[in-house]
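Here is the structure we will look at, set down as structure tokens.
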Amino acid sequence: MAEFNTNLRLKLPLICIILEVILIILFGVFVKYDSETDSRLWHEELTHHNKSNYDNDFYFRYPSFQDVHVMIFIGFGFLMTFLQRYGFSSVGFNFLIAAFSLQWATLMQGFFHGMHGGKIHVGVESMINADFCTGSVLISFGAVLGKTSPVQLLLMAVIEVTLFAINEYIILSVLGAKDAGGSMTIHTFGAYFGLVVARVLYRPQLDKSKSRNCSVYHSDLFAMIGTIYLWMFWPSFNSAITAHGDDQHRTAMNTYYSLASCTLATFAISSLVNHEGKLDMVHVQNAALAGGVAVGTAGEMMLTPLGSMIVGFLAGTISTLGFKYLSPILEEKLHIQDTCGVHNLHGMPGILGAIVGAVTASLASSEIYGDGMMEVFPDIYSGEINAASQGVRQAISLGVTLGFAAVGGIITGFLLKLSIYGSPPDTMCYEDGIYWEMPGEEESHQELAAVRTEEVEKPLNG
Amino acid sequence: MAEFNTNLRLKLPLICIILEVILIILFGVFVKYDSETDSRLWHEELTHHNKSNYDNDFYFRYPSFQDVHVMIFIGFGFLMTFLQRYGFSSVGFNFLIAAFSLQWATLMQGFFHGMHGGKIHVGVESMINADFCTGSVLISFGAVLGKTSPVQLLLMAVIEVTLFAINEYIILSVLGAKDAGGSMTIHTFGAYFGLVVARVLYRPQLDKSKSRNCSVYHSDLFAMIGTIYLWMFWPSFNSAITAHGDDQHRTAMNTYYSLASCTLATFAISSLVNHEGKLDMVHVQNAALAGGVAVGTAGEMMLTPLGSMIVGFLAGTISTLGFKYLSPILEEKLHIQDTCGVHNLHGMPGILGAIVGAVTASLASSEIYGDGMMEVFPDIYSGEINAASQGVRQAISLGVTLGFAAVGGIITGFLLKLSIYGSPPDTMCYEDGIYWEMPGEEESHQELAAVRTEEVEKPLNG
Amino acid sequence: MAEFNTNLRLKLPLICIILEVILIILFGVFVKYDSETDSRLWHEELTHHNKSNYDNDFYFRYPSFQDVHVMIFIGFGFLMTFLQRYGFSSVGFNFLIAAFSLQWATLMQGFFHGMHGGKIHVGVESMINADFCTGSVLISFGAVLGKTSPVQLLLMAVIEVTLFAINEYIILSVLGAKDAGGSMTIHTFGAYFGLVVARVLYRPQLDKSKSRNCSVYHSDLFAMIGTIYLWMFWPSFNSAITAHGDDQHRTAMNTYYSLASCTLATFAISSLVNHEGKLDMVHVQNAALAGGVAVGTAGEMMLTPLGSMIVGFLAGTISTLGFKYLSPILEEKLHIQDTCGVHNLHGMPGILGAIVGAVTASLASSEIYGDGMMEVFPDIYSGEINAASQGVRQAISLGVTLGFAAVGGIITGFLLKLSIYGSPPDTMCYEDGIYWEMPGEEESHQELAAVRTEEVEKPLNG
């Protein structure tokens, strides 16, 4: 059947080259160094604004950027290597679609909320924002992992990045909501977008690939590299784009406490729901991260360590229970085949994060925030709105995000359903071999041992 | 026998939830944002002390914090994955007890030396200190690796963190010793605490698990991830909490030279003590790090690159020889079953570091330190004591640390000896399967190859 | 035959100890803390130059240094673990020769362009420069991987570091060329040096080890850890040593765009040149990095995002085509056995980078650079030369570098050809077992399963 021609020899090169050429042209037309990266402009700032080279935002954002970058490429990439025969695709396609998305996101985010005199100005902030947007594509990737070709994934990225930028613009710039760590814009959006795509691409015969839809010992260890990096650098993620000073400092710390608490909840619930009390690697790899998602909105607010820990504990609990009880229902009843369980790691904790953000915002007072209100809630500070209204803004933003994710996911899903993209047949999902040249298997132990005994010892006796 | 009921279904959830609830309550009562993370307080500083957001300590400590964080979760976690069937537990339990310990340490260190008006103030410094304390628990974990249940490990952490905080308080605040990188407080304390616990938990029948107490090819490579991260970021570890400016800069550089020199010593001695001149992965994974431990105290002093390299060379030599000759004696004669050889990596190099610190301190002079004496040795600077006395302080601190480690280890050991914690039977040590749901094994090569040949080619012909 | 006595019991310890003792003596005689790490000197700066501890260069260079450090030890180390039975040597020897080279480079770079009153001053800048020089040794290591003993590698490092420092001095200080990210000094030099060494050490019978000169599934995943870290931190590498402010910021961003574009080119060409359209891990692991190499010279210039993306696209294309078509020719016709394909990743992209640098420099104008010209091209700024001349300088520097690499490689190759260094016989190349104690193989699945079933369940029933 032509439907399952998985030979990508023309399709993949074509889409990669076309996309990159479009990117290069659009960058040529629209993109300019900002005043912190442009040689002439920065030196004018030095002269006219009495600045020093050490004031360049590079020094205050770049370490955060690098941590985020590690999460995107190592964190997401290795987290998905848990499948026994899909490690090449997990790390490799993650690499490909992230490299594309960060370029495309620079343009889309620029078009929708970063144009200056017809030009998009780029610097470390745009780099962080582009990586953030890329994160949401990778979350959606998790939902369809193993069932899609790289051509499909690139197409998905084209649409998802675009909608991400629009949704982000509406929420942050039009509605005036806050969402520095992206509980809504990144996690909720990415998760439900991906889940809807997965629903549209439902494969009733996916059981035929069941034997490959599980981990082996070492693949689980590779996945833990991803998990631990995500966990460690989540404080940098949530704080990467907040205001300088106390905001960034507080956001990082709130996330740190939320994650620590979340980890204990995850281990507790994972053991509790297993009839032998055994821990499940899937839970540890994923649910322990939910604490980072759940403080993505409120992390920059005066959530307090106490609040962060409670949120983290809830997130870990919900997420682990989701993996155990909800995922099977989603698959059987709603026909959503969510490979990585992104609903549990990003979906529900994202919604939780949005709610926590709305509640925390509605409790803001000048007693608690002092002049810092200016940076966290500028519209409350200016007196334009009160705290309750800010809470309402946050809540509306969650609804908008869910709407964008659903509509975008449906459109994307139906587009990807076309049989021209080289997607794998039901019998060959979760299998690297259809898209990658596979290495041979290791020589058998006996052979190697024989070789070693024979050949090493000869020279040694020589 | 009830003694070896390793089903943790109630025990592990219970202890995790109880501990986290206690943490949450105590955080609610005692913990407050410090003046660099609190919105109102920081903005008061901005206004009244003519500060800028760029002066927030976040920018001067957070990159170091993240490096330390990587050492704690990736470094220690993966270093211990060298065992063939204990990778899940190594990374997983490391993750669990570290997530707990850093919260508990925040409270204990706060109680003993960080109370301000009845409140514990938290910020990036408390985060680094909490990670440091966690490090010592993970060192002890290395000594009992494979022979303890996560319930035992959490209990151990409760006690060890508490004693760590007291010992740290006595040494640094009461005795006035210096130990920025923790040769004494972290390494010596953690190692001997763990060794004493291991002694009390001695298992005469441990031979029954011998087949699992060794590495396989890929587990050794996973362990090298841990080793290399520890090695690379050790300069950040030792300098994370020193005074800003030259102190931090110098400490990082001394550690860098010590480690480089240590690595050459390790390779040299490892090859020398093998009758075929072959290198031993155990040495490379561990002894090459001893140089970081051994400049944990003197690193911030004017040790000079020369001094650092000599200390590193000694540390690598001692450590490798320890693995080769001392560890077997410790096990046979003293009945200390030290799974990771923490005596060689943290114990002896920690004591060496304490001695080097005492000697270097006693050589301090205002000619060498200039006004920097103020930050390295404030009591010498103020004239309160002379350099020799500072050396004595350092030496006494080593003794105090060893005392705390021994007494704490004995108490903890006997507590953990109770048969109610689900520890593994002698026949099932070093085995993930008793605490973790294990994934299936990879499909046999033939099967997979058959599947690939058959099913991939069909669609391609389609 | 004595020629293949691979027992290193005396040779390796001897060379390690002799080298480290020489290093220690020379450090004792020549090396001093610089004014940012020395306690007295820094505090004099504080007093007399109205500086603050926060002005210490540590805060503006150390995060970049750590990223570079990760590239050297994790990036290069794990990239080379792709071979099925050479992971210990890849990470291990990488570790050893890097630890040596960074010390030796500190001295050599100091001697040739960093002496102050007969002393070499060290601080974070010298640490970065030493790591850079180490990088070029590791590139050469890639060319001879699997065919050389650690004794040979250390000798190679002694010579290569020395020549690197001389070449760097001539290019940067005498000729006045710019090469902040080392397209010429690091990549071109390291690659061609290594290729010439590999040519001299040509093994006509290397086919006898062919079965081991390939990857297995998990070794390719380990290698991807190296690749991704190199990819992520290359922006930090290229910008680590540029001038502070816009320079560093711009260099990082140019590299980021070049790499992203390069990745799409690599996937496109890799699929295109495979008759089934399948991707090749070798390309993804290596060619996707060529974009970083190719902006190593021009990255700090006003290359623009557009220019960076075009260069990256070209680099990825050339590099992938090189792996596919050129490497076999080099081996068959020119007898260059280039294990890692460094010609494709560092050689050709390095030359491309040098050319791009020359062209970009020759287009410099004060309109584009403003006062920033002062930092990027001081001699153009001062009016000493014009942009075209700067371009010529750059081009000459490429020639000088190639000359140094060729002559150095020949000398080194013939020196290493002597049969006294324990190099492996043709039948035992790419084999850890000759230099490392090898762990046993994992217990067979059946055995383990049996053990688990039998022994775990017993205690649970107890």
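Residue numbers begin at 1 in each chain, while the letters A, B, ... track the order of the sequences.
- A heavy-atom distance below 4.5 Å is not found between the side chains of C/Leu221 and A/His218.
- For C/Val273, the part sitting under 4.5 Å from any heavy atom of chain A is the backbone (N, CA, C, O) and nothing else.
- Only the side chain of C/Met374 has a heavy atom closer than 4.5 Å to any heavy atom of chain A.
- For the pair C/Phe60/A/Asn53, no side-chain contact is recorded, criterion being any heavy-atom separation below 4.5 Å from C-beta on.
- Side-chain contact check for C/Leu279 versus A/Phe88: every heavy-atom pair is 4.5 Å or farther apart.
- Between C/Tyr256 and A/Phe65, the distance from one ring center to the other falls under 6.0 angstrom.
- Using a 4.5 Å cut-off between heavy atoms, A/Thr47 contacts chain C through its side chain alone, with no backbone atom that close.
- Residue A/Ile15 holds its CD1 atom at 9.5 Å from CG of C/Leu264, rounded to the nearest 0.5 Å.
- Contact count against chain C (heavy-atom pairs under 4.5 Å) is highest for A/Asp38 among A/Leu19, A/Asp38, A/Asp432.
- For the atom pair CD1 of C/Ile310 and CD1 of A/Ile24, the computed distance is 5.5 Å after rounding to the nearest 0.5 Å.
- For the pair C/Ser261/A/Gln103, a side-chain contact is recorded, criterion being any heavy-atom separation below 4.5 Å from C-beta on.
- In this structure, C/Phe222 has its ring center under 6.0 Å from that of A/Phe222.
- Separation of atoms CH2 (A/Trp436) and OG (C/Ser270) is listed at 7.5 Å; rounding is to 0.5 Å.
- With ring centers used as reference points, C/Tyr229 lies 6.0 Å or more from A/Phe73.
- With respect to chain A, the highest number of heavy-atom pairs below 4.5 Å among C/Gly370, C/Pro63, C/Ala260, C/Ala252 belongs to C/Ala260.
- Put simply, of A/Gly87, A/Gly77, A/Ser126, the one with the most heavy-atom pairs under 4.5 Å next to chain C is A/Gly87.
- Taking 4.5 Å as the limit, every side-chain heavy atom of A/Met438 sits out of range of all side-chain heavy atoms of C/Met281.
- Smallest separation of non-hydrogen atoms from A/Trp42 and C/Gly245: NE1-CA, 4.1 Å.
- Note: C/Asp67 leads C/Asp67, C/Asp247, C/Ile269, C/Val376 in heavy-atom pairs under 4.5 Å with chain A.
- The minimum heavy-atom distance between A/Leu96 and C/Thr263, with the atom names listed, is CA-CG2, 4.4 Å.
- Contacts between A/Ser35 and chain C at a heavy-atom distance below 4.5 Å are absent for every atom of the residue.
- Ranked by heavy-atom pairs under 4.5 Å with chain C, the first of A/Ile225, A/Val31, A/Val124 is A/Val124.
- In this structure, A/Arg9 and C/Glu276 have side chains that are not in contact, with every pair of non-hydrogen atoms separated by 4.5 Å or more.
- Between chain A and the residues C/Met224, C/Met253, C/Glu375, the largest count of heavy-atom pairs under 4.5 Å involves C/Met253.
- Across all non-hydrogen atoms, the minimal contact from A/Arg85 to C/Tyr217 is C-OH, 3.1 Å.
- Across every non-hydrogen atom of C/Met232 and A/Ile74, the tightest pair is CE-CG1, 3.4 Å.
- For A/Val122, the parts sitting under 4.5 Å from any heavy atom of chain C are the backbone and the side chain alike.
- Annotation: the span from A/Glu437 atom CD to C/Asn274 atom CG amounts to 4.5 Å, rounded to 0.5 Å.
- When all heavy atoms of C/Ser271 and A/Pro13 are compared, the pair lying nearest together is OG-CD, 3.5 Å.
- Of the possible polar contacts, none joining the C/Lys278 side chain to the A/Asn7 backbone as a donor-acceptor pair under 3.5 Å is found.
- Counting heavy-atom pairs closer than 4.5 Å to chain C, the top residue among A/Leu102, A/Ile17, A/Ile72 is A/Leu102.
- Atom CE in C/Met373 sits 12.0 Å away from atom CZ in A/Arg40 (nearest 0.5 Å).
- Side-chain atoms of C/His244 and A/Tyr59 form a donor-acceptor pair, as typed in the model, at a separation below 3.5 Å.
- Donor-acceptor pairing under 3.5 Å is lacking for the side chains of C/Gln248 and A/Tyr62.
- A/Thr37 approaches C/Arg250 most closely through the heavy-atom pair O-NH1, 2.9 Å.
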field: Working for side-chain contact (heavy atoms from CB on, under 4.5 Å), residues C/Trp231 and A/Phe95
entry: CA-CA 10 Å; C/Trp231 196 92; A/Phe95 189 19; 3.4 Å; yes

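- Partner C/His249 forms a side-chain hydrogen bond (donor to acceptor under 3.5 Å, both in side chains) with one of A/Asp57, A/Asn56, A/Asp34 and no other, that one being A/Asn56.
- Proximity to chain C is absent for every atom of A/Leu41, based on heavy atoms less than 4.5 angstrom apart.
- Ranking A/Phe100, A/Phe78, A/Phe27 against chain C, the residue ahead of the rest is A/Phe27, based on heavy-atom pairs under 4.5 Å.
- Defined by atom type and a distance below 3.5 Å, a donor-acceptor pair is missing between the side-chain atoms of C/Asp246 and A/Tyr33.
- Counting heavy atoms from C-beta on, the side chains of C/Ile368 and A/Ser39 never come closer than 4.5 Å.
- Heavy-atom distances place both the backbone and the side chain of A/Glu36 under 4.5 Å from chain C.
- With a 4.5 angstrom heavy-atom cutoff, C/Phe313 touches chain A only via side-chain atoms.
- Judged purely by distance below 3.5 Å, without hydrogens or angles, the side chains of C/Ser236 and A/Gln66 pair a donor atom with an acceptor atom.
- Distance CG/A/Leu26 to CE/C/Met309: 9.0 Å, rounded to 0.5 Å.
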